[in-house]
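Notes follow the structure.
All of these numbers come straight from a predicted model, not from anything done at the bench. Ligands are counted one by one from 1 in listed order, and the atoms in each one are counted from 1 as well.
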Amino acid sequence: MAKTLFLVASLLLLGNVSFLHASFPPSLIEDLAKIVMNNYCSPEKLVGMKEDIAAATSNTEVLNIPDGELLADVLSNGVQTTVSDPRLTVSYEPNYVPAVHPEMPPLPPEQLITILQSTIKLDILEGNIGYLRIDHIIGEEVAEKVGALLVDLVWNKILPTSALIFDLRYTSSGDISGIPYIISYFTEVEPVIHIDSIYDRPSNTTTKLMSMSTLLGERYSVTKPLIVLTSKNTKGISEDVAYCFQNLKRATIVGEKTAGGSVKVDKLKVGDTDFYVTLPTAKSINPITGSTWELTGVTPDVEVSAEDALATAIRIINLRAQVPSIIEESAILIANNYAFESVGADVAEKLRELLANGEFSSVVCKESLETKLSADLKTLSGDKSLQTATNTPALPPMEYSPEMYIELIKISFHTDVFENNIGYLRFDMFGDFEEVKPIAQIIVEHIWNKVVNTNAMIIDLRNNLGGPTTAIAGFCSYFFDGDKEILLDKLYDRSSGTTTELRTLDELTGARYGSKKSLIILTSKATASAAEEFVYIMKKLGRAMIIGETTAGGSHPPKVFPVGESNIFLSIPTVHSETSAGPAWEGVAVNLVSEYAVPSSQNN
Ligand SMILES: *[C@@H]1O[C@H](CO)[C@@H](O)[C@H](O)[C@H]1NC(C)=O
C-alpha cells in the first residue's frame with residue numbers, strides 16, 4: 001500500500017517544487033499503514049502491506065507537503081486506491097475532539113417521549129396499513145431504557161395493522177446491537193434464526209446475530225406483509241436490516257439501491273499527529289448469501305425512485321390483499337369448467353394449498369401474479385392451455401371485398417399436383433365455420449378444385465396452429481361419401497355438461513374427395529388445437545395415414561373467464577373429445593402410425 005501512497009504523492013509533488021522542509025513526523029505513513037492493517041475490516045485485501053511499509057519508511061518525500069489538509073487528501077487517495085475502498089479516508093483536523101458517548105442520563109419520561117417522537121414517525125394509513133419511519137436504529141443499551149415506552153407509544157399501535165411499511169429511506173445511522181431486535185419482531189419465536197455474522201477486525205472475532213426468543217410486547221404476525229422502503233441515503237445498519245429481511249424473504253424492499261456503507265466505521269488518530277483515519281472496522285457476512293451489501297448496496301426487489309417508493313408499497317399491499325380471493329375464484333373456475341373434472345378438482349385443491357403455504361405472498365404487481373399463476377397452473381395440470389390470458393376485445397370483423405378474399409385465400413393455402421397426380425394441400429390455421437361459410441365458394445374455386453381430381457392427397461398440417469373447431473365436421477366431410485352419415489367425434493363440454501356429436505355434413509360446397517382415395521396427413525410438433533382434432537378423427541376412423549412428428553398436445557380452443565373483478569383472466573380448456581379412457585389427444589398429443597421427419601425438400 002505504501003508504495004502506492006508514495007507514487008500518488010510523487011506525481012503531485014512534480015508540480016510543487018517549492019516545498020523544502022519536512023513538516024510532518026517521518027513515522028506518519030508507517031503509523032497510518034499500521035492502523036489500516038490492524039483495523040480495516042477485510043484484512044485479506046491488505047496482503048503484502050508489511051513489505052510496503054518497510055519500503056515506505058525509508059522514503060519521506062511525500063511529507064514535504066506543507067499543508068495538512070492537502071497531505072490528508074493525497075494520503076486518502078493513496079489508501080483508497082490501494083485497498084479499492086472509498087470508505088477509507090484520511091483527514092487533518094487539528095481541532096477535532098473525539099465524541100464521547102456518556103452513559104445515558106436517566107431522563108424524565110416526558111423528555112424521552114419528545115426524543116422518541118423526533119426520530120420515529122408513526123402513521124396508520126388507509127386500509128389499516130401501518131407506516132413506521134425510524135431515522136436512527138437504536139442499540140441494545142438505549143432499547144433497554146426506552147423499550148417499555150416504545151412498546152406503549154409506538155409498537156402497540158402498529159400491532160393491529162394488517163400490513164406495515166417500514167421506512168428506512170432516511171436512516172443513515174444506527175447500532176449493530178439493534179439489528180436482532182428489529183428482525184425478531186417480524187419473525188417467529190421458534191426456531192431461532194441466524195440473522196447475520198459480524199466480523200470485527202480489531203478484536204479479530206466473529207459474532208453471530210441470532211433472533212431473540214424473548215421480546216417486550218408481541219411480534220408482528222409473519223403472514224402480514226412487510227415492505228421496507230430504501231433510498232440511496234439508506235446507509236449502514238439500516239442497509240443490514242433491509243438486506244437481512246430481504247434474504248429471510250420476510251420483507252419486500254422497495255425504492256432505490258442503498259448507499260453501500262458499513263456496519264461499523266471508526267475514526268482513529270494517527271500517532272501523535274492531527275491526522276485521523278476513518279475506516280470500516282467491522283463487516284457483515286450474511287449467512288444466507290455468504291456475501292454482503294457493503295460497498296455495493298442493497299438492490300431493492302422493486303426498484304423505483306425514493307419519492308415513488310411509498311405509493312408503490314401501498315399498491316403492492318393492496319394487491320396482496322386481493323390475492324386470496326383471486327386464487328379462490330380461480331380455483332372455483334377451474335374446478336367447475338376444466339374439461340376433465342377430476343384434473344380440475346385436483347388443480348383447484350393444489351392451488352389453494354399453494355396459497356396457504358404463502359407461495360403468492362411475494363407478488364409485487366399484477367403482471368408478476370399472472371406470470372406465477374400461469375406457471376403454477378401449467379405445472380399442476382400438465383396442460384399448457386390452462387393459463388392466464390389477456391382479455392383483448394375481439395376486433396370488429398373486417399369488411400373484405402371479394403377481390404381481397406381471393407388474395408387472402410391465395411396466400412393462406414398452398415396447392416400443388418405432384419407426379420402420378422398426387423395432390424398437395426397446405427394451410428396453417430382453421431377458420432370459424434360461420435366465417436368460412438360465405439367464402440366457401442371462393443375457396444372451392446381457387447383452391448379445392450386444383451386438388452380435388454387427384455388420385456391421392458397429401459394434407460400438410462406441419463405449420464397448422466389450429467383455431468376454432470367449428471369447421472372441422474365440414475372439412476372432414478369432404479373425405480367421406482355423401483350417402484352415409486358418419487359419427488366423427490363426441491365433444492363433451494364441461495361448462496354446460498353437454499355432449500355434442502360431431503357428424504359428417506350431407507351438403508357441401510363443391511365436390512367431395514370421397515372415402516376411397518389415399519390420404520396422407522403431415523404433422524409436426526407445432527401442429528396444434530383444431531388441427532390435432534382433425535388428425536385425431538382421421539386417424540381414429542382409419543381414413544388417413546399420419547406421417548411426421550408427434551403433435552403439440554394442445555387442447556380444444558379454451559374459453560376465457562374473468563376472475564372476479566380482478567381484471568385477471570383465465571384461459572380454461574372446457575371441451576374434450578369423449579373417449580372411454582382419459583384424454584384423446586388433449587395435452588398428450590396424437591400417437592402416430594409412423595413417426596419420422598419428412599425431408600424439408602418435400603415441403604412446397
Ligand atoms: C484472527 O484469528 C484467527 C484464528 O481465529 C487467526 O488464524 C488469524 O491469524 C487472526 N488474524 C489476525 C490478523 O490476527
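Within the listing of ligand 1, atoms 13 (C) sit less than 4.0 angstrom from a heavy atom of Arg201.
Within 6.0 Å of atom NZ in Lys378, more than 12 heavy atoms from other residues, nucleotides or ligands are found, so the atom counts as buried in its surroundings. Heavy-atom contacts from other residues, nucleotides or ligands closer than 6.0 Å to NZ of Lys264 number more than 12. The local environment of NZ in Lys232 is sparse, with at most 12 non-hydrogen atoms from other residues, nucleotides or ligands closer than 6.0 Å.
Atom 9 (O) of ligand 1 is never approached by the protein to below 4.0 angstrom, counting heavy atoms only. Checking atom 5 (O) of ligand 1 against the protein gives no heavy-atom contact under 4.0 Å.
The six-membered or imidazole ring of Tyr220 lies away from that of Tyr185, with a centre-to-centre distance of 6.0 Å or more.
Nearest non-hydrogen protein atom to atom 11 (N) of ligand 1 is Asn204 ND2, 3.0 Å.
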